[in-house]
Amino acid sequence: MSLHTVGINQFTCPVRIPEKGGGIQHTVATIDLQARVPRGRLESCVSTMRTLLARFLPDIHAGIFPELLAEVCRQLQAAEAWLTMRFPYFIAKRAPVSGTASLMEYQCTFTASSAASGEPLLTVVVPVTTLCPCSKEISEAGAHNQRAEITLAVRPLALIWLEDLIAMAESCGSSEVYALLKRPDEKYVTERAYAQPMFVEDVARKVAQKAMAHADIAWFSVGVESFESIHNHSAYALVDSRDLSVADPRG
């Protein structure tokens, strides 16, 4: 019986990620690495992959994916190899009024294939606040709001920094989310969200518009999930740029 692919999943290791500002961020990644290999080479795949990953550690980042995947294919005589790397990425943010500094965590993913040229697929998960327009419209005071997550995946034509993708998504909610806020900051973000009510559909469309306008994005998808504060379910919306040739995402 032939197997489609073989490899390793959930390989956890320390990595160093280049930052937009010129620094290097130390974080921990979880790596999945698979290959399509001849039947006779299956027994040696796992040890070969672990050896190659160890050779490239800790500088495993998007820039070395082509070399790593090419070496996997060469040593295993594989037709194709794939790598997915998931990791938390941290950005220092200052609260909007007090200026209090804190680190925000964002879940990021690089996905690459030996058969694909150019930059790897990038995915960022960005928390924001959404405030319900209907609730604001029908209420005499207040409106329900909740935390939401924007999952933005892009296929770049050139280098795009994680910081820029995260900022793009963060600017499209009712308000940004912060790790640490003082009372004046809480007042600011609450009132900002109230002034910018949005459904998940609105957030998804707004992110899509910005991604469409980015010259270095060849393809994107944006999913928005709002963890409803007054319902026992989430609200969700998705836009895929492959559908935009027949449908305008702005509705």
Side-chain angles (χ1 to χ4, degrees), residues 14-29 86-109 122-137 139 141-154 160-211 213-214 220 222-231 234-237:
V15 295
R16 294 197 287 248
I17 307 294
E19 297 176 329
K20 182 180 180 181
I24 297 293
Q25 183 165 145
H26 296 254
T27 185
V28 175
R86 296 175 292 274
F87 57 95
Y89 192 73
F90 296 88
I91 296 178
K93 292 183 66 175
R94 291 193 175 275
V97 178
S98 70
T100 303
S102 60
L103 285 176
M104 274 290 295
E105 176 185 345
Y106 305 89
Q107 292 299 315
C108 302
T109 304
L122 307 182
T123 303
V124 295
V125 180
V126 180
V128 295
T129 293
T130 56
L131 185 132
C132 178
C134 285
S135 179
K136 179 178 179 179
E137 181 68 24
S139 301
H144 81 81
N145 62 83
Q146 51 276 318
R147 185 171 57 86
E149 283 185 347
I150 300 171
T151 301
L152 174 60
V154 305
I160 298 178
W161 293 101
L162 292 172
E163 289 89 340
D164 292 338
L165 282 184
I166 290 167
M168 177 190 297
E170 269 187 332
S171 67
C172 295
S174 295
S175 176
E176 293 184 29
V177 170
Y178 299 83
L180 183 61
L181 295 172
K182 303 295 186 180
R183 289 297 176 86
D185 304 309
E186 292 185 12
K187 178 178 185 296
Y188 175 89
V189 297
T190 300
E191 293 176 345
R192 178 176 174 80
Y194 189 78
Q196 300 186 106
M198 289 187 183
F199 296 116
V200 287
E201 298 93 330
D202 300 323
V203 178
R205 290 187 181 107
K206 190 172 180 180
V207 178
Q209 288 170 357
K210 294 198 173 188
H214 199 297
F220 69 86
V222 52
V224 183
E225 182 174 9
S226 178
F227 307 105
E228 296 289 282
S229 60
I230 62 171
H231 303 294
S234 295
Y236 184 76

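Keep in mind that the numbers below use all heavy atoms, side chains included, and drop hydrogens, waters and symmetry copies.
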S.K.: Please report the interatomic distance NE2(His144) to OG(Ser139), rounded to the nearest 0.5 Å.
M.R.: 8.5 Å

S.K.: Would you compute the distance between atom CG of Asn145 and atom OG1 of Thr130 and round it to the nearest 0.5 angstrom?
M.R.: 7.5 Å

S.K.: Decide yes or no for Phe87 and Gln25: does some side-chain heavy atom of the first lie under 4.5 Å from some side-chain heavy atom of the second?
M.R.: no

S.K.: What do the steps show when you test Asp185 against Tyr178 for side-chain contact (heavy atoms from CB on, under 4.5 Å), and what is the final call?
M.R.: CA-CA 9 Å; Asp185 304 309; Tyr178 299 83; over 6 Å; no

S.K.: Kindly indicate whether the side chain of Val15, heavy atoms from C-beta on, has any atom under 4.5 Å from the side chain of Thr27.
M.R.: yes

S.K.: If we only count heavy atoms from C-beta on, is the Ser171 to Lys210 side-chain gap below 4.5 Å?
M.R.: yes

S.K.: Provide the closest heavy-atom pair for Glu19 versus Ile24 in the form atom of the first, atom of the second, distance.
M.R.: OE1-N, 4.0 Å

S.K.: Please give me the minimum heavy-atom distance between Ala169 and Ile150, naming the atom from each residue.
M.R.: O-CD1, 3.3 Å

S.K.: As an exercise, state the distance from OG1 of Thr151 to OH of Tyr236, rounded to the nearest 0.5 Å.
M.R.: 6.5 Å

S.K.: Return the OH to OG distance between Tyr188 and Ser175, rounded to the nearest 0.5 Å.
M.R.: 7.5 Å

S.K.: Determine yes or no for a side-chain-to-main-chain donor-acceptor pair under 3.5 angstrom, with Lys136 supplying the side chain and Gln196 the backbone.
M.R.: no

S.K.: How far apart are the closest heavy atoms of Leu180 and Ser102, and which atoms are they?
M.R.: N-OG, 3.5 Å

S.K.: Give the C-alpha distance, both sets of side-chain angles, the deciding distance and a yes or no for side-chain contact (heavy atoms from CB on, under 4.5 Å) between Met168 and Val124.
M.R.: CA-CA 11 Å; Met168 177 190 297; Val124 295; over 6 Å; no

S.K.: So Val128 and Cys172, do their side chains get closer than 4.5 Å, heavy atoms only?
M.R.: no

S.K.: What are the two closest heavy atoms between Val200 and Ala235, and how far apart are they?
M.R.: CG1-O, 3.8 Å

S.K.: I need the minimum non-hydrogen distance between Trp161 and Pro18, along with the two atoms involved.
M.R.: CZ3-O, 3.7 Å

S.K.: Answer yes or no: is there a side-chain heavy-atom contact under 4.5 Å between Glu149 and Gln107?
M.R.: no

S.K.: Do the non-hydrogen side-chain atoms of Ile166 and Met104 ever get within less than 4.5 Å of each other?
M.R.: no

S.K.: Give, for atom CG of Asp202 and atom OG of Ser174, the distance between the pair rounded to the nearest 0.5 Å.
M.R.: 8.5 Å

S.K.: Roughly how far, to the nearest 0.5 Å, is CG of Leu131 from CD of Gln146?
M.R.: 7.5 Å

S.K.: Measure across Asp164 and Lys20 and return the closest heavy-atom pair with its distance rounded to 0.1 Å.
M.R.: OD1-NZ, 2.6 Å

S.K.: Are the side chains of Pro88 and Tyr106 in contact, using a 4.5 Å heavy-atom criterion?
M.R.: no

S.K.: For residues Thr123 and Cys108, determine if any side-chain heavy atom of one lies less than 4.5 Å from a side-chain heavy atom of the other.
M.R.: no

